[in-house]
Amino acid sequence: MAKKYWLLKSEPDCFSFTDLMQAPDRTTYWDGVRNYQARNFLRDEIKVGDQVLYYHSGGPSPHIAGLAQVVRAGYPDHTAFVPAADHFDPKSSPDDPTWYMVDIQAQEELPRPLPLSELREVPALQDMVLLQRSRLSVQPVTADEWRAILAQAKRPR
DNA sequence: GCCAACGTTGGC
DNA sequence: GCCAACGTTGGC
């Protein structure tokens, strides 16, 4: 299976790319996804070695902050089993988990953060899921889009 | 803070 | 199974 590309959204106040860089082994589990389409990607399609764009949503200038890779493929999101947890879901149980997560490891910051407003100006990205007003927190990215984003980040502005 | 987009819930 | 109401996301 060829390596695939994904975009993961996080609110930087919640868990930023810097937080990930400073985490033990620069790795965290990506918990809390409670959307079925995103769950399906996490459970079925995201594999070890896949590449990840780390996107900061919210704030005055939402942007892609850095690059990460998948270091563990989909497994049950245990935070759904904990009544006191933010994303507790009584429908999900260890015997029949509803929600899944993956582990990601930070690789590097982009040479500069790429704001959403700039991504909208790149012709190669016009069909990117992120730019279609998508609320999905886990989105597929094509190889062409990945290349265009890295190229854009290397270009000074 | 507003509001559009969109997913989920629940009555019928 | 339809669809209105409601809640959430997230850009602006």
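Below, chains carry the letters A, B, ... as their sequence lines are ordered, and counting in each starts from 1.
For the pair A:Y36 OH and C:dT9 P, the computed distance is 15 Å after rounding to whole Å. With rounding to whole Å, A:Q37 atom CD is found 16 Å from C:dT9 atom P. Distance CG (A:D89) to C1' (C:dG7): 15 Å, rounded to an integer number of Å. Atom P of nucleotide C:dG10 and atom CZ of A:R135 are separated by 7 Å, given to the nearest angstrom. Between A:Q139 atom CD and C:dT9 atom C1' the separation is 12 Å, expressed in whole Å. Per the geometry, NZ belonging to A:K9 stands 11 Å off P belonging to B:dC6, to the nearest Å. We find that CG of A:L116 is positioned 18 Å from P of C:dT9, with the value rounded to whole Å. Rounded to an integer number of Å, the gap from NE2 of A:H63 to C1' of C:dC12 is 16 Å.
Residues A:Y75 and A:D103 have side chains that bring a donor and an acceptor to within less than 3.5 angstrom of each other. No side-chain donor from either of A:S93 and A:D96 sits under 3.5 Å from a side-chain acceptor of the other.
With B:dT9, C:dG11, B:dG7 as the choices, the nucleotide that has an atom nearest any side-chain atom of A:S57 turns out to be C:dG11.
Remark: the backbone N or O of A:K47 is paired with a side-chain donor or acceptor of A:D50 at under 3.5 angstrom.
A salt bridge is absent between A:D77 and A:R39: the closest approach of a Lys/Arg side-chain nitrogen to an acidic carboxylate oxygen does not fall below 4.0 angstrom.
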